[in-house]
Amino acid sequence: MKDRTRVIHQPDIEMPPDNRPLVAPIYQSVKFEMDRIEESLRALRGERPGFFYTRTSNPTNRQLEELLAGLQGREDCIVSGSGVAAVSSCLLSLCKAGDHILCFVETYGPSRYFIRRMLGRFGVEHTLLSIEDDEGIERALRERPTRLVFFESPTNPVTKVADIARICGAARAAGALTVMDNTFAGFHNHGQFDVDLFVHSLTKYASGHGDVMGGAIIGARELVQSMRQDTSTLGPVLDPHAAFLVLRGMKTYFLRYEAQSAAALQVAAWLEAHPAVALVRHPGLPGHPRHALARRQMHDFGTVVTFDLEGSMEDARIFVEALELFAITASLGSVESLVMPPHFMQPRDFTPEQVSVSGLTPTTVRLSIGAEDPDDLIADLDQALAKVAA
Ligand SMILES: Cc1ncc(COP(=O)(O)O)c(C=O)c1O
């Protein structure tokens, strides 16, 4: 073999069968070959195990898919390059022109945009209610044939809690599917409910370190399999290196989620007692309007603490810019604490009535509590609140 060929056809290193790496390798290959065409064709038809092209399947991505499906208590999973890719490819795969989607004012902004503006362009209609309007949800499902209900709990950013059993029961009775964005609650929550499909942003708690993006669709094997060709053709593939980083993050998922949730509850309780804070929203607080429901539905309550400051939007700016341990940026679920000021969260596509349902005010601040010592975070919040008072 000449050197120009040798650099392309590199040596294979075979592992002895009794010798394995403790950390699974990253299959950073787009293509997978077999010696016989018929065997590749059989693998593509699903008649035997095997891989062919990473946009369709890849062993590292598959490892992540099986892990996440098992954690969420379902059979199968499709991973994607971001959380919104999971949402958009899932909804595109399930809907056609003329279908109706029931979704909510409190739904995460880009998901709402996708349903209202983008699916709307292709003739998919929607109704927008409040996630707490249980009677309205049941009425809408009785009155109008509906393809699916798309909802979150707790909602981003004001942590409203959905009555999941009631929504799933009403949807099942009406022949509608349920798709739940379970990003805030995580993979270990809500699996006991009759939800057809869970979607997640892996960018948050799964990766945990703010250095990789990803998404997942999780559900029963038959339903997920029926979507696989559509999602692979849309092409929002997760790179195997990103899948490896998410797999690594998942090893500390419970340690992080549990510790950061406990810290979030401590911070929420401290904020609630502060005179400069008008209202704190966290499902773990006994004063949360649906705390009892959240307690029945969830093991723990997540790391997002949202609150309204006394004062004006300018006071909120002074407070947020005075924080030293919280980065002023998007996202949540990282080991670093983050803060979203009201300036980035004002809804632009709402009627005045929907603004009031959204719970967002000109002083609403969202915190994502990281893995720092909660005493340090509270001291930082205290000094920043004192700057507003001054
Ligand atoms: C509830 C929820 N769903 C979906 C997403 C989108 O995820 P990604 O940023 O990974 O696309 C986010 C991001 O903040 C989110 O909070």
Side-chain angles (χ1 to χ4, degrees), residues 61 64 68 72 77-92 101 103-116 118 131 149-162 164 178-187 189-190 195 197-218 231 234-239 242-243 245-246 249-250 253 257 260 264 281-283 298 301-306 327-334 336-341 344-345 347 358-360 364 366-370:
N61 291 14
L64 180 58
L68 299 180
Q72 189 66 87
C77 170
I78 298 171
V79 289
S80 56
S82 69
V84 289
V87 170
S88 59
S89 56
C90 174
L91 296 181
L92 261 180
I101 293 180
C103 60
F104 300 95
V105 171
E106 299 91 340
T107 297
Y108 172 63
S111 302
R112 213 172 58 229
Y113 177 88
F114 181 72
I115 293 169
R116 301 183 79 185
M118 297 180 70
I131 194 66
V149 185
F150 182 83
F151 70 106
E152 286 162 46
S153 187
T155 61
N156 184 4
V158 301
T159 75
K160 287 198 199 176
V161 173
I164 305 172
T178 42
V179 182
M180 177 174 190
D181 183 335
N182 209 22
T183 299
F184 265 43
F187 309 93
N189 276 307
H190 298 154
V195 171
L197 289 163
F198 290 101
V199 291
H200 284 267
S201 166
L202 306 182
T203 316
K204 315 292 182 324
Y205 296 111
S207 82
H209 295 78
D211 51 7
V212 60
M213 300 196 79
I217 306 167
I218 302 173
T231 56
L234 287 165
V237 66
L238 184 68
D239 184 81
L245 288 174
V246 177
M250 284 306 295
Y253 169 78
Y257 196 100
Q260 292 177 228
R281 280 159 291 191
H282 180 74
M298 306 175 77
F301 305 104
T303 66
V304 172
V305 179
T306 301
I328 306 173
T329 188
S331 204
L332 58 119
S334 275
E336 303 89 3
S337 289
L338 312 172
V339 57
M340 275 286 267
F344 296 144
M345 295 194 294
S358 79
L360 288 163
T364 303
R366 186 189 78 182
L367 302 177
S368 168
I369 301 302

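Read the numbers this way: they start at 1 and go in the same order the structure lists the ligands and their atoms.
When each of Tyr257, Phe184, Phe198 is paired with Asn189, the side-chain contact (heavy atoms from CB on, under 4.5 Å) condition holds for Tyr257 and for no other.
Considering every non-hydrogen atom in both Pro236 and Ala85, the closest pair reads CB-CB, 3.5 Å.
A donor-acceptor distance shorter than 3.5 angstrom exists from the side chain of Tyr253 to the backbone of Phe187, with no hydrogens or angles considered. Looking only at distances, no side-chain donor or acceptor of His200 sits under 3.5 Å from a matching main-chain atom of Asp181.
Within the model, atoms CD1 of Ile164 and CE of Met298 stand 8.0 Å from one another, a figure rounded to the nearest 0.5 Å.
By the side-chain hydrogen bond (donor to acceptor under 3.5 Å, both in side chains) test, Thr231 pairs with no residue at all, sequence neighbours left out.
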Show me a pair-per-line table, with atom names and distances to 0.1 Å, of protein N or O atoms that are under 3.5 Å from an N or O of ligand 1.
unit_1	atom_1	unit_2	atom_2	d
ligand 1	3 (N)	Asp181	OD2	2.6
ligand 1	7 (O)	Ser201	OG	3.1
ligand 1	7 (O)	Lys204	NZ	3.3
ligand 1	9 (O)	Lys204	NZ	3.4
ligand 1	10 (O)	Gly83	N	2.8
ligand 1	10 (O)	Ser201	OG	2.7
ligand 1	10 (O)	Thr203	OG1	2.5
ligand 1	11 (O)	Gly83	N	3.1
ligand 1	11 (O)	Val84	N	2.9
ligand 1	14 (O)	Tyr108	OH	3.4
ligand 1	14 (O)	Lys204	NZ	2.9
ligand 1	16 (O)	Asn156	ND2	2.9

